[in-house]
Enquirer: 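Have a look at this one.
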Amino acid sequence: ALTLGVWITALTAGLAAAAEAQQASLSIVSGNNQTVPRTGSAVPGGVAAFAPLTVEARGNGADARGPLVGVPVIFTCGTGAPTKVRCQLDGSGASTVTVRTDAAGRATLPNARATDAAGPMPVTVSMRGAPSVTFTLTVSVTRAVTIVAGDHQEAKRTGAGAAGGVAVFDPLVVQVTEGGALVPGA
């Protein structure tokens, strides 16, 4: 039979082993919580280009304390939330990119981009021996309103319904597009 003292000793040993296994930590340094519209004409609807994403890797164990230098850190698109946004982390269009930490223990992803839709674009960063961190990025809706009819009208006031008469104009018609596509019912 297990006594309370034996059980607590076993639990403490298990927690110490788990803490020792957690040898490193990742933290977000810059680039989190960005909201960027899609712009330009390189692709239909434009491209959302985010500022660089930077994390810091630090050692927490007895063997390594402080910044971890030369460690591979993996940036991955779209984990953690359903999304219609097409995420690209480098010029080839890859959705997963490995970056090595620099002398300060920092890894920077310079080229996070998105196309195809608006909405959330989480980017999760992971490395061996550390819990992952997730950047919260959002592609905002870019809508354009174009006048189709009714601009530059002139009308004379007529009638006696109001002091000086009433001017009656033709209807104003506009077209709303998002990324070059019509937005019905907008």
Side-chain angles (χ1 to χ4, degrees), residues 1-40 42-43 45-142:
L2 286 176
T3 66
L4 181 59
V6 170
W7 185 82
I8 290 174
T9 302
L11 177 62
T12 304
L15 291 174
E20 187 61 30
Q22 197 64 44
Q23 294 291 317
S25 66
L26 273 175
S27 60
I28 294 174
V29 174
S30 63
N32 198 21
N33 296 318
Q34 296 181 59
T35 299
V36 176
R38 290 172 41 206
T39 59
V43 298
V47 175
F50 294 93
L53 310 179
T54 302
V55 295
E56 183 175 84
R58 297 189 66 78
N60 298 327
D63 296 335
R65 296 209 178 271
L68 296 176
V69 179
V71 174
V73 175
I74 302 166
F75 291 80
T76 305
C77 283
T79 31
T83 183
K84 293 180 180 179
V85 174
R86 183 167 173 250
C87 173
Q88 299 176 335
L89 298 182
D90 70 6
S92 72
S95 61
T96 299
V97 173
T98 301
V99 178
R100 290 200 174 269
T101 57
D102 62 16
R106 293 185 174 186
T108 298
L109 180 72
N111 295 319
R113 300 193 185 307
T115 61
D116 293 347
M121 188 183 102
V123 175
T124 300
V125 185
S126 60
M127 67 176 238
R128 186 173 179 200
S132 62
V133 295
T134 301
F135 286 89
T136 302
L137 307 177
T138 303
V139 179
S140 64
V141 175
T142 303

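Note that the numbering runs from 1 along the sequence shown for the chain. Worth knowing before you read on, the calculation uses all heavy atoms, side chains too, and leaves out hydrogens, waters and symmetry mates.
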Enquirer: Taking all heavy atoms of A57 and all of M127, pick out the closest pair and write down the distance.
Expert: CB-SD, 3.5 Å
Enquirer: Taking only residues two or more places apart in sequence, or in another chain, which ones meet N111 in a side chain to side chain contact (heavy atoms under 4.5 Å, CB included)?
Expert: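 Side chain to side chain contact (heavy atoms under 4.5 Å, CB included) list for N111, sorted by chain: R113.
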Enquirer: Which pair of heavy atoms, one from V47 and one from T115, lies closest together, and at what distance?
Expert: CG2-CG2, 3.7 Å
Enquirer: Which atom names give the shortest non-hydrogen contact between M121 and A114, and what distance separates them?
Expert: SD-CB, 3.4 Å
Enquirer: Is a side-chain donor or acceptor of T101 paired with a backbone partner of V71 at a separation under 3.5 angstrom?
Expert: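 Flag set: sc T101 to bb V71 pair under 3.5 Å.
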Enquirer: Can you tell me how far apart OG (S126) and CG (L26) are? Round to the nearest 0.5 Å.
Expert: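 S126 atom OG to L26 atom CG measures 7.5 Å (nearest 0.5 Å).
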Enquirer: Any salt bridge (Lys or Arg N to Asp or Glu O under 4.0 Å) pairs touching residues 47-56, not counting sequence neighbours?
Expert: E56-R58, E56-R106
Enquirer: Report the distance from atom OG of S27 to atom CG of N32, rounding to the nearest 0.5 Å.
Expert: 11.5 Å
Enquirer: What heavy-atom pair brings L53 and G31 nearest, and what distance separates the two atoms?
Expert: CD2-O, 3.5 Å
Enquirer: Can you tell me how far the CZ atom of F135 sits from the OG atom of S30, to the nearest 0.5 Å?
Expert: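 OG of S30 is found 6.5 Å from CZ of F135.
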Enquirer: Any idea which heavy atoms bring L109 and A112 closest together, and the distance?
Expert: CD2-CB, 4.2 Å
Enquirer: For T108 and V99, work out which heavy atoms get closest and say how close.
Expert: O-CG1, 3.7 Å
Enquirer: For a 4.5 angstrom cut-off between non-hydrogen side-chain atoms, does I74 reach T96?
Expert: yes
Enquirer: Could you list the residues that satisfy side chain to side chain contact (heavy atoms under 4.5 Å, CB included) with A94, not counting sequence neighbours?
Expert: D90, S92, V97
